[in-house]
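For reference, the structure is listed below as structure tokens.
In what follows, chains carry the letters A, B, and so on, assigned in the order in which the sequence lines appear, proteins first and then strands, with residues in each chain numbered from 1. Just so it is clear, the structure is predicted and the values come from calculations on it, not from any experiment.
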Amino acid sequence: MNAREALIQDLTMKEAARAASGARVDLLLIAELVEPGSRVLDVGAGDGELLALLANTRGCDARGIEISRAGVNAGVARGLAIIQGDADIDLADYPDDAFDYVILSQTLQATRRPKWVLEQMLRVGRRVIVSIPNFGFWRMRLDLLLNGRMPSTENLPYSWYDTPNIHFCTIRDFVALVEEVGARIEHATALNGYGQKVRFNLPWAVWNLLGEQAVFLLSRGK
Amino acid sequence: MNDRNEAASPATGTHATGTPAAGGADDRPVGPGRAYEALARAQADFPQSELAHFGPDTPLTLDAGVTLTPFQVAYQTYGTLNADKSNAILICHALSGDQHAANVHPVTGKPGWWETLIGPGKPIDTDRFFVIASNVLGGCLGTTGPSSINPKTGFPYGLDLPVVTIRDMVRAQAMLIDRLGIDKLLAVVGGSMGGMQVLQWAASYPERVFAAMPMAAAARHSAQNIAFHEVGRQAVMADPDWRQGRYLLEGTSPRRGLAVARMAAHITYMSDGSLHRKFGRRLQDRDGRTFSFDADFQVESYLRHQGEAFVDRFDANSYLYVTRAMDYFDLAADYGGVLANAFKGVKTRFCLVSFTSDWLFPTSDSRAIVHALNAAGAPVSFAEIESDKGHDAFLLDEPELTAITRGFLDSAARAVGIAR
């Protein structure tokens, strides 16, 4: 794929791509950031797709918290260690340094207290992986500019009045929050609409435009 | 806590629309209740189960500070122990359950109380696992309890049996597991009081339990639950036929008292929603109110039947002992008041299950255990299952419970390398 094709692909909106293995590409990217054999807590684990990926491909001791009963029950029935719980409350129950990684995939915007959640994750895990949908993505901006309505995309299809996503942010907003809680960004990747890496290492402002979502690997600041 | 068939619809349905239970009639084909009672009594010393005898060389030291010897444990097994002895699953029964989890009950003739989950191809798959179910210490179907003969006197123990605890029950089970030559259980599974035993197993013998599945359980019995149990015990003890616990010697039986205890308890195993759905305010075989204290309402008839059916198979003193054991259960208290300390360093993997309409062992009880397990770093799954069937839901056919049990045990089996 040449640069032009890649750019076109990045600018094209399609549902999250799946690799040949059937795994979601954005989850594969997150899994790549996790050292094999680690202890991992996935916050907002859904039905456990990432947990299964981490356990099967990285040999991790992977546990999850998920708020929806249906998600939990499906995951537990698959033999995964998931508990029903609310990230906004239950992260407080975990001891310091309980995990090597705490992961929050596409969920920060749905928490009531994103800053508190991020702080708790940095307390519970030595490292934190957060992926966020980018509200600064060019299509969002264009949608709002041209239509004057709250944008919705295939990955974020909700209307403003029934969306679980109550705390949207942009990539630059999130970077500012990371600074505010005193964490360090060890690695960051912007993903296009396919859940694939934006192929240019560009300044935040550009990623903020081209990335539909972004994945951050954080550690505690000094 | 109920015999599945007392809780489930077949008996109920027949009864609610069939003969009134008042006066002790029931829907079984033959015999008055007392004949069943005699049959049940015989099980106390000579059960139709496997028996493990523990003589003077293997006494059981009880929490009460005394030793019990000799004693015996009655148990059933299903399936085959593999060569590695790695496929054994211990089933812990609830207050009024017994070891007949997956076979026809020798007294009532009804199917096992957990045949929803245990059997060939079922989540607790007897084609794959070696399943052990034992009667608890203090019970009345073959494991030493108050209706067993005290070898020192030649008469039933009655209240001379020391009060036993959940931990004592588990100690006796561990001795049984030793006797069976099994070092490590693949899983310990149980609901309600059975769930208490599961937790105690994981705390007392963590290295012997690979996976633990406490359902609709709590790490301690709540004040409300102790209160309900006290009502039940007082009902038993208020029956003149109880005779200070010496009814077996005196040839009486506190049937009324135990039946009332069971009726009160049975309400706690259901929910407002399930009672309403099953019975509403419907009348029992009559067109209108009788302006009497007959069982006008179906729900009354149903409860009377539950009480009657229970006394036929359960010993009144056992009811006192086993409810007491539950009341005394407070796992954290044995570990400095911090539940997480009970599970410190525990490698056992846990799966907890609660039910939305269970107000006897509510979800918050399970959640407290989950928090402690998280704090202790133990691997834990927890699912709350939507059901209107109250506490009894764990005994009933709940598809999500089936799927979760299957998934959890299957992953445990895979982890220890047990072939499908």
Side-chain angles (χ1 to χ4, degrees), chain A residues 37-56 59-102 120-121 123-126, chain B residues 123 187 210-213 215 338-341 343-345 347-357 363-364 366-387 398-416 418 420:
Chain A
S38 303
R39 284 169 52 83
V40 182
L41 178 67
D42 184 11
V43 181
D47 65 1
E49 182 167 3
L50 179 59
L51 291 180
L53 194 63
L54 288 168
N56 296 337
C60 291
D61 175 358
R63 324 240 180 113
I65 308 181
E66 167 59 33
I67 198 164
S68 91
R69 191 178 295 137
V72 173
N73 295 6
V76 175
R78 290 167 67 187
L80 301 169
I82 304 185
I83 65 170
Q84 200 195 3
D86 184 346
D88 273 308
I89 298 165
D90 293 329
L91 278 173
D93 296 321
Y94 289 88
D96 296 354
D97 295 320
F99 294 93
D100 298 317
Y101 295 87
V102 179
Q120 288 296 316
M121 290 172 67
R123 177 185 68 77
V124 172
R126 291 190 301 105
Chain B
F210 184 76
M213 193 165 189
M215 305 175 184
V338 180
L339 186 58
N341 289 345
F343 305 116
K344 211 168 213 167
K347 300 278 192 296
T348 304
R349 51 170 77 186
F350 289 81
C351 179
L352 285 90
V353 170
S354 71
F355 299 90
T356 50
S357 59
T363 290
S364 54
S366 288
R367 217 174 263 291
I369 300 165
V370 170
H371 288 168
L373 289 168
N374 274 334
V380 53
S381 297
F382 165 58
E384 183 188 38
I385 294 172
E386 174 101 49
S387 165
E398 291 282 350
E400 273 189 306
L401 176 65
T402 307
I404 286 167
T405 306
R406 188 185 294 281
F408 179 66
L409 293 179
D410 190 50
S411 82
R414 267 185 279 126
V416 302
I418 295 170
R420 190 174 281 278

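Remark: A:Asp100 engages A:Arg126 in a side-chain hydrogen bond (donor to acceptor under 3.5 Å, both in side chains) (not counting sequence neighbours).
Looking at A:Leu80, only its backbone comes within 4.5 Å of chain B, counting heavy atoms on both sides. Heavy-atom distances place the side chain of B:Thr356, and not its backbone, under 4.5 Å from chain A. The contact between A:Val76 and chain B is made by backbone and side chain atoms together, counting heavy-atom distances below 4.5 Å. Neither the backbone nor the side chain of A:Ala98 comes within less than 4.5 Å of any heavy atom in chain B. For B:Glu384, the parts lying near chain A are the backbone and the side chain together; criterion is any non-hydrogen pair under 4.5 Å. Contact annotation for B:Val380: both backbone and side-chain heavy atoms come within less than 4.5 Å of a heavy atom of chain A. The part of A:Arg78 that comes within reach of chain B is its backbone (N, CA, C, O), which places non-hydrogen atoms under 4.5 angstrom from that chain. Heavy-atom distances place no part of B:Ala413 under 4.5 Å from chain A, backbone and side chain included. With a 4.5 Å cut-off on non-hydrogen atoms, B:Asp410 does not touch chain A at all. Using a 4.5 Å cut-off between heavy atoms, A:Asp61 makes no contact with chain B at all.
Among B:Gly377, B:Pro379, B:Ala383, the residue with the largest count of heavy-atom pairs under 4.5 Å with chain A is B:Pro379. Considering only heavy-atom pairs separated by less than 4.5 Å from chain A, the leading option among B:Ala376, B:Ala378, B:Ala372 is B:Ala378.
At least one donor-acceptor pair closer than 3.5 Å links the side chain of B:Ser357 to the backbone N or O of B:Ser387. Of the possible donor and acceptor atoms, none in the side chain of A:Glu66 sits under 3.5 Å from a partner among the backbone N and O of A:Val72. For the pair A:Arg123 (side chain) and A:Tyr94 (backbone), a donor-acceptor distance under 3.5 Å is present. Side chain of B:Ser381 to main chain of A:Ile82: a donor-acceptor pair is present (N/O by atom type, distance under 3.5 Å, no hydrogens or angles).
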### Query
Do A:Leu91 and A:Leu41 pass the side-chain contact (heavy atoms from CB on, under 4.5 Å) test, and can you show the C-alpha distance, the side-chain angles, and the key distance before you say yes or no?
CA-CA 10 Å; A:Leu91 278 173; A:Leu41 178 67; 4.1 Å; yes
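With B:Asn374 as the partner, the side-chain contact (heavy atoms from CB on, under 4.5 Å) test is satisfied by one option alone out of A:Ile83, A:Asp93, A:Val124: A:Ile83.
If you check the side chains of B:Thr363 and B:Ser354, you find a donor sitting under 3.5 Å from an acceptor.
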